[in-house]
Amino acid sequence: MTSPAGGAHVPGGPGGSTAAGATPQARPGVPPVEPAAEEFDLEEAIHQVEAEEHEGRPPAAGLLGNLVVAVAVVALGVAAVVGSLALDAGSARSPEAGTWPLVLSVVVVVLGLALVATARRTTDAERFSRTSWLVLAGLATMVVFVALISVIGFEIPAALLAFVWLRFLGHESWRTSVVTSLAMVVAFYLVFVAALSVPIPHLF
């Protein structure tokens, strides 16, 4: 074995020493050692995902928008309280038809007041946009459904409601919307009217 200048040993055969800075030779049957991968920065990835989501979101509603929504929730709860009292709220020992609607209405009022109190600090509410009209359209169809069900039964209003939601709000195909709407009404009728005899308004 020879020794070059500087004292570094040069391998003269199997099992010899490796020169300084030289890449060690892979031994037969032993896989090469891969360099350690860098640790995955989870926090950085989370920030990146949040930034990408924020880019596609509409602007925040702001203080005025938060207050309008909160006041609307309170008004809805108060109207429900009035309607519940008109149904005879009863008492805890002898509940009547308006007992549970009254309890839920009071909860809605409390939640609305909480929204008013936190309106200045709320930052995740979105400003009213084109997508918000879809929510109002869905709410309007529900109001029409409730108004018609006691007049002509649930079959036709339920089929129309499901069709509108599937075709115009969900952008499903015409065939899927029609078939699914009719199937839902038939299934609902067979289960709740024919099998369980639930007293709901119906045509047939």
Side-chain angles (χ1 to χ4, degrees), residues 40-151 154 156-172 176-177 180-181 184-185 188 192 200-201:
F40 183 73
D41 195 343
L42 180 59
E43 185 177 357
E44 182 179 354
I46 294 176
H47 288 326
Q48 182 177 358
V49 172
E50 291 178 349
E52 293 176 355
E53 292 180 352
H54 182 72
E55 291 179 357
R57 292 182 57 183
L63 177 60
L64 180 60
N66 294 335
L67 287 176
V68 170
V69 173
V71 171
V73 172
V74 174
L76 178 63
V78 171
V81 168
V82 174
S84 303
L85 294 176
L87 293 175
D88 189 3
S91 62
R93 293 185 177 181
S94 58
E96 299 293 339
T99 303
W100 287 112
L102 177 62
V103 173
L104 295 178
S105 303
V106 172
V107 172
V108 170
V109 173
V110 173
L111 292 177
L113 294 176
L115 290 176
V116 173
T118 59
R120 187 178 298 276
R121 300 189 301 271
T122 302
T123 59
D124 57 350
E126 298 177 357
R127 186 177 300 176
F128 193 89
S129 61
R130 180 178 176 276
T131 307
S132 306
W133 288 106
L134 298 178
V135 179
L136 293 180
L139 179 61
T141 56
M142 289 294 297
V143 173
V144 174
F145 171 77
V146 173
L148 292 178
I149 191 173
S150 60
V151 179
F154 80 92
I156 295 177
L160 292 177
L161 177 67
F163 176 79
V164 169
W165 280 36
L166 290 170
R167 180 67 187 97
F168 299 105
L169 301 183
H171 301 289
E172 299 291 343
T176 300
S177 302
T180 305
S181 302
M184 289 175 56
V185 173
F188 191 91
F192 293 98
I200 57 176

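Just so we're clear, the structure is a prediction, and the values are computed from it rather than from any experiment.
- Summarising the geometry of Glu96 relative to Asp88, their closest heavy-atom pair is CB-O, 2.9 Å, with the distance given to 0.1 Å.
- Between Ala119 and Leu67, the shortest heavy-atom distance links the atoms CB-CD2, 3.6 Å.
- Here the side chains of Asn66 and Leu115 are not in contact, with every heavy-atom distance at 4.5 Å or above.
- Applying the side chain to side chain contact (heavy atoms under 4.5 Å, CB included) rule to Ala80 yields the partners Ser105; only residues at least two apart in sequence or on another chain are considered.
- Taking the side chain to side chain contact (heavy atoms under 4.5 Å, CB included) definition, one finds that Leu136 meets it with Phe128, Trp133, sequence neighbours left out.
- For the side-chain hydrogen bond (donor to acceptor under 3.5 Å, both in side chains) condition, no pair includes a residue of residues 68-77, sequence neighbours left out.
- The two residues Ser181 and Ser177 make their nearest non-hydrogen contact at OG-O, 2.5 Å.
- One finds the CG atom of Leu161 at 10.5 Å from the CG atom of Leu148 (value rounded to the nearest 0.5 Å).
- Listed by first and then second residue, the side-chain hydrogen bond (donor to acceptor under 3.5 Å, both in side chains) pairs that reach into residues 71-80 come to none, sequence neighbours excluded.
- Summarising the geometry, atom CD1 belonging to Ile149 is positioned 12.0 Å from atom CD1 belonging to Ile156; distances are rounded to the nearest 0.5 Å.
- Note: Leu134 CG to Leu139 CG = 12.5 Å, rounded to the nearest 0.5 Å.
- By the ring-ring contact (aromatic ring centres under 6.0 Å, His included) test, Phe188 is found to be paired with Phe154, Phe192, residues two or more places apart in sequence or in another chain being considered.
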Please tabulate, for the side chains in residues 162-172, all donor-acceptor contacts under 3.5 angstrom to protein atoms that are two or more places apart in sequence or on a different chain.
| from | atom 1 | to | atom 2 | distance (Å) |
| --- | --- | --- | --- | --- |
| Trp165 | NE1 | Thr141 | OG1 | 2.8 |
| Arg167 | NH1 | Glu172 | O | 3.0 |

